[in-house]
Asker: 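The following block contains the structure, expressed as structure tokens.
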Amino acid sequence: MRTHYCGTLDTSHVGETVELNGWVHRRRDHGGVIFLDVRDRTGLVQVVYDPDTVESFAIAETVRNEYVLRMTGRVRPRQEGAVNPNMATGEIEVLGSALEILNAARTPPFQLDEHAQAGEDVRLRFRYMDLRRPEMQERLQTRARIASVTRRYLEDNGYWEIETPTLTRATPEGARDYLVPSRTHPGEFFALPQSPQLFKQLLMMSGMDRYYQIARCYRDEDLRHDRQPEFTQIDIEASFVSQQEVMDLTEGMLKCVFKEVLDVDLADFPVLGYDEAMRDYGSDKPDLRNPLKFTDIADLMKEVEFQVFNKPANDPKGRVVALRAPGGAKLSRKVIDGYTDFVARYGARGLAYIKVNDIASGPDGLQSPILKFLPEEVVAEVLARTGAADGDVIFFGADQANVVNDALGALRNQLGSDLGLSVEGFAPCWVVDWPMFEEGRDGVVVAVHHQFTQPSAPLEEVISNPLSVRAAAYDVVLNGYELGGGSLRIHRQEMQAAVFEAMSMGQEAEIKFGFLLDALKYGCPPHGGIALGLDRLVMLMTGTHAIRDVIAFPKTQSAACLMMAAPSQVDDHQLRELHIRVRAEH
RNA sequence: GGAGCGGUAGUUCAGCUGGUUAGAAUACUGGCCUGUCACGCCAGGGGUCGCGGGUUCAAAUCCCGUCCGCUCCGCCA
């Protein structure tokens, strides 16, 4: 039908007769002349109808917003003074000669122009309307380009795109599974994959050597702004590779994507040890745009009278840190009280602070509810260690280490934005040398990354002292988001068995992962890989605030689709075939 | 599972210390207008104040419950 897209017309087309298709973005009816801003995915162009063309002028009078049109007209330069510099096609217009309404449209449920914003629930219910907005079209285009550059990069590096099943086996550990009932196996269920983890490892055992997939993953857990029940991973695995090689490939890929999509040159990613990240930022995914760092002061607090500080200072699982916020002394009492409530969400029982008004006048230059509990020389040493200067405020965290890390880590982020300390742009980093295991609830040993990760310790130590073992695992972090994580995998059956044993899942492992243990016996190459959250990457690269903004049809926080009204009840007949009876809720 | 915020016209919101006919902007409809571009001017239509219950002479407003949306904690190998 069309000869051109709306947004592509410019002065080079002047004099040409063009045929356009698109939606009426806005209509301005001046009685004797009617302007239509016509929109397609490339942009807007102004089409003018005047009474000289009687028939099409009459049709133009009946046109309304979001009508779908087919137009013929001649491109002409706009008159002096009629040029619109705010419009990409503002130097020209199309003088319409023919006009056909391909489809009328009801009044839109919300205005699609940039000057009105609808609530997210309305946008999601009418997502097909919301996606017409240029803003949304740009985001999805950016997403497509990111995926495209990713594919090309990986293919240039010898990676094959291989699909893996989405009907697979349930795994009780990790996230909750989405289950799919089997018609042919009464009472049995498939699970949708939380990731293609095992399949990609098996592909390495199959000699595929280098695999990638832009894979949909499913986790039935509660949602956040950066978590959807179904999400997309850039999933990568390679054989005969070192950790450094996987990291180099990934870093190269991200640099390439940022360069080609945003024309941004990312510097080499800093590499942080896990311990270092926790020590300096209280987080395993630190936002390095934020310059604030923790200062450990437990050693100074062991002898002080103040119980709030000396108890955690003397507790092996405790931690006492200071967090200096430059310029924070201007924060009002009300704001600081707000921070106290804020850190309480992470389990902190209070938030001590010292305002540094005039460091030269000693204690008199300080302002704090806790000064009376601390010896002068201890305070002086805290100021020295943190590098405090006039106008700063120093916050304190003293509790179990995990509470301090969570609470002050979150406060660090908050201060970064409230005080405008964070720099603009993109701050990626690697976090490496993760612990292999941690103590879960009831003291059970659980894998920090996953149970197929290669421990960086001999087999005996994995069994005898698992909590001391490190793993060949690495996360890539961007602006405080975990963008991806990977590891070298266990490629020897004995080691895999040892890890299962350390996790006290001997029998259980045989049943659930017997096929893997078997596969490891048939010649498994050393291998490793990584998976990156495509939705998060796109969110960060488009500067949006939730991955919902970069997913065409996302779910709400309660994991529902407002447009389709999914999930929904199904026929009894359908349930019967699946051998399922719905239990009455109490 | 828990906490907070929100739900009033198609939309975005105001009204919420209870008291005339629930209002603004925008959208929509009709009329006028030949150079606008968030066109302008005139007129008009438009409400289950999320839902259910309670208190009261009287509830958008107060109380209880419930549903929905968002943010967060838990959860997310």
Side-chain angles (χ1 to χ4, degrees), chain A residues 25-38 44-52 57 61 64-66 78-87 89-90 93 95 106-126 129-130 171-177 194-195 197-198 217-229 231 341-348 403 406-407 410 414 434 436-438 440-441 444-453 471 473 482 485 487 499 503 505 531 533 545-546 548 555-560 562 565:
Chain A
H25 192 65
R26 260 191 292 271
R27 168 177 166 274
R28 291 177 295 281
D29 183 348
H30 285 246
V33 60
I34 296 171
F35 301 97
L36 302 179
D37 288 347
V38 182
L44 293 173
V45 70
Q46 173 168 287
V47 184
V48 193
Y49 287 92
D50 67 37
D52 297 344
F57 184 81
E61 283 184 309
R64 294 293 181 271
N65 282 349
E66 299 309 312
R78 294 208 192 175
Q79 294 162 10
E80 189 101 5
V83 168
N84 184 350
N86 301 319
M87 209 170 170
T89 59
E93 66 186 6
L95 178 62
R106 278 167 51 160
T107 301
F110 53 91
Q111 288 167 254
L112 298 186
D113 59 60
E114 62 275 28
H115 305 284
Q117 77 274 28
E120 201 170 359
D121 48 347
V122 186
R123 289 172 50 206
L124 288 177
R125 182 152 50 251
F126 298 95
M129 301 297 290
D130 190 39
T171 55
E173 53 282 307
R176 224 174 269 121
D177 285 315
Q194 296 176 25
S195 78
Q197 181 61 36
L198 285 165
C217 306
Y218 306 85
R219 294 180 190 176
D220 185 7
E221 293 295 345
D222 287 340
L223 277 57
R224 290 286 188 279
H225 76 278
D226 62 344
R227 283 168 23 192
Q228 282 273 302
F231 61 101
D341 294 339
F342 176 74
V343 296
R345 299 211 292 255
Y346 302 87
V403 171
D406 289 351
Q414 191 64 43
W434 288 68
M436 178 70 204
F437 302 104
E438 65 189 345
R441 254 172 272 111
V444 294
V445 172
V446 298
V448 171
H449 187 58
H450 57 56
Q451 63 266 47
F452 314 112
T453 301
E482 180 195 333
S487 62
V499 167
M503 299 172 65
M505 51 184 296
H545 300 293
R548 290 188 303 276
K555 307 273 188 290
T556 65
Q557 193 164 40
S558 61
L562 294 180

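Chain A is the first sequence line, chain B the second, and so forth, proteins listed ahead of strands; every chain is numbered from 1. Bear in mind that the values here come from a model prediction, so they are computed numbers and not experimental data.
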Asker: Could you work out, with ring pair (Phe, Tyr, Trp, His ring centres under 6.0 Å) as the rule, every residue matching Phe452(A), not counting sequence neighbours?
Answerer: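 His450(A), Phe513(A).
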Asker: Could you state the CZ-C1' distance from Arg27(A) to C37(B), rounded to the nearest angstrom?
Answerer: 14 Å
Asker: Describe the nucleic acid contact of Asp50(A) in one word from base, sugar-phosphate, nothing, applying a heavy-atom distance below 4.0 Å.
Answerer: nothing
Asker: Can you check the Asn84(A) CG to C37(B) P distance for me, whole Å?
Answerer: 9 Å
Asker: Using the P atom on both, measure A22(B) against U61(B) and round to a whole Å.
Answerer: 15 Å
Asker: Encode nucleotides 1-16 of chain B as B, S and - characters from 5' to 3', where the letter depends on protein heavy atoms closer than 4.0 Å: B to the base, S only to sugar-phosphate, - to neither.
Answerer: B--------BSS----
Asker: Decide yes or no on side chain to side chain contact (heavy atoms under 4.5 Å, CB included) for Thr171(A) and Asp177(A), but give the supporting numbers first.
Answerer: CA-CA 7 Å; Thr171(A) 55; Asp177(A) 285 315; 3.8 Å; yes
Asker: Would you indicate, yes or no, if C39(B) has its OP1 or OP2 atom less than 4.0 angstrom from a side-chain nitrogen or oxygen of Arg26(A)?
Answerer: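 Checking C39(B) against Arg26(A), a side-chain N or O does come within under 4.0 Å of OP1 or OP2.
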Asker: Have a look at Arg123(A) and say if it touches a base, only the backbone sugar-phosphate, or nothing, with a 4.0 Å heavy-atom cut-off.
Answerer: nothing
Asker: So, the side chain of Glu66(A) versus the backbone of Arg106(A): is there a donor-acceptor pair under 3.5 Å, distance only?
Answerer: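 The answer is no, because no donor-acceptor pair under 3.5 Å joins these two groups.
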Asker: May I have the distance from Leu112(A) (atom CG) to A38(B) (atom P), rounded to whole angstrom?
Answerer: 16 Å
Asker: Heavy atoms under 4.0 Å, any strand shown: does Arg345(A) hit a base, just sugar-phosphate, or nothing?
Answerer: sugar-phosphate
Asker: By a 5.5 angstrom centroid cut-off and a 30 degree plane limit, is there stacking between His225(A) and U71(B)?
Answerer: no
Asker: Which pair of heavy atoms, one from Gly31(A) and one from Phe57(A), lies closest together, and at what distance?
Answerer: O-CZ, 3.2 Å
Asker: List the residues meeting ring pair (Phe, Tyr, Trp, His ring centres under 6.0 Å) with Phe35(A), not counting sequence neighbours, and say none if there are none.
Answerer: His30(A)
Asker: Starting at CG of Asp113(A) and ending at P of A25(B), how long is that distance when rounded to a whole Å?
Answerer: 17 Å
Asker: With nearest nucleotide decided by heavy atoms, which residue, Lys555(A) or Val83(A), maps closer to the 5′ end of RNA chain B?
Answerer: Val83(A)
Asker: Got a salt bridge between Arg28(A) and Asp37(A), using NZ or NE/NH1/NH2 to carboxylate O under 4.0 Å?
Answerer: yes
Asker: What is the nucleic acid contact for Ser558(A), judged by heavy atoms within less than 4.0 Å: base, sugar-phosphate only, or nothing?
Answerer: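 Sugar-phosphate contact only.
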Asker: Give one of base, sugar-phosphate or nothing for Asp220(A), where a contact means two heavy atoms less than 4.0 Å apart.
Answerer: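 Asp220(A): no heavy atom of the nucleic acid under 4.0 Å.
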Asker: For Glu221(A) and C73(B), what is the distance between atoms CD and P respectively, to the nearest whole Å?
Answerer: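 For the pair Glu221(A) CD and C73(B) P, the rounded distance is 14 Å.
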Asker: Could you walk me through whether Glu482(A) and Asp226(A) satisfy the side chain to side chain contact (heavy atoms under 4.5 Å, CB included) test, starting with their C-alpha distance in whole Å, then the side-chain angles of each, then the deciding distance to 0.1 Å, before giving a yes or no?
Answerer: CA-CA 10 Å; Glu482(A) 180 195 333; Asp226(A) 62 344; over 6 Å; no
Asker: Determine the contact category for Ala82(A): base if any of its heavy atoms lies under 4.0 Å from a base atom, sugar-phosphate if only primed atoms, P, OP1 or OP2 are that close, otherwise nothing.
Answerer: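 Since a base atom lies under 4.0 Å of Ala82(A), the category is base.
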Asker: Picking from U36(B), G69(B), G74(B), which would you name as closest to the side chain of Thr556(A)?
Answerer: G69(B)
Asker: Under a 3.5 Å cut-off for both contacts, is C5(B) paired Watson-Crick or G-U wobble with anything, and if yes, with which nucleotide?
Answerer: G69(B)
Asker: May I have the distance from Gln79(A) (atom CD) to U36(B) (atom C1'), rounded to whole angstrom?
Answerer: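 Whole-Å distance recorded here is 11 Å.
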Asker: Can you tell me the pairing partner of G40(B) across any strand shown, Watson-Crick or G-U wobble, with both distances under 3.5 angstrom?
Answerer: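 The answer is C32(B), by the H-bond criterion.
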Asker: Begin from the C-alpha positions of Gln111(A) and Asn65(A) and carry the test side chain to side chain contact (heavy atoms under 4.5 Å, CB included) through to its verdict.
Answerer: CA-CA 9 Å; Gln111(A) 288 167 254; Asn65(A) 282 349; over 6 Å; no
Asker: When the C1' atoms of C37(B) and G19(B) are compared, how many Å lie between them, rounded to an integer?
Answerer: 48 Å
Asker: Expressed in whole Å, how much space separates the P atoms belonging to U21(B) and G52(B)?
Answerer: 23 Å
Asker: Pick base, sugar-phosphate or nothing for Phe452(A), based on heavy-atom distances below 4.0 Å to the nucleic acid.
Answerer: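 Here Phe452(A) touches no strand at all.
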Asker: Any base atoms under 4.0 Å from Gln228(A), or only sugar-phosphate, or nothing? Heavy atoms, all strands.
Answerer: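 Answer is nothing: Gln228(A) stays at 4.0 Å or more from every strand.
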Asker: With a 3.5 Å limit on both atom pairs, tell me what C16(B) is paired to, counting Watson-Crick and G-U wobble, or say none.
Answerer: none
Asker: Whole Å only: how far is the CD1 atom of Ile34(A) from the P atom of U34(B)?
Answerer: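 Ile34(A) atom CD1 is separated from U34(B) atom P by 11 Å.
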Asker: Please determine whether a side-chain nitrogen of the Lys or Arg among Arg548(A) and Glu120(A) lies less than 4.0 Å from a carboxylate oxygen of the Asp or Glu.
Answerer: yes
Asker: What's the gap between C28(B) and U11(B) when it is taken at their C1' atoms, as a whole Å value?
Answerer: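 After rounding to an integer number of Å, I get 11 Å for this pair.
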Asker: What is the distance from CG of Asp406(A) to P of C73(B), rounded to the nearest Å?
Answerer: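 Distance check: Asp406(A) CG to C73(B) P gives 9 Å.
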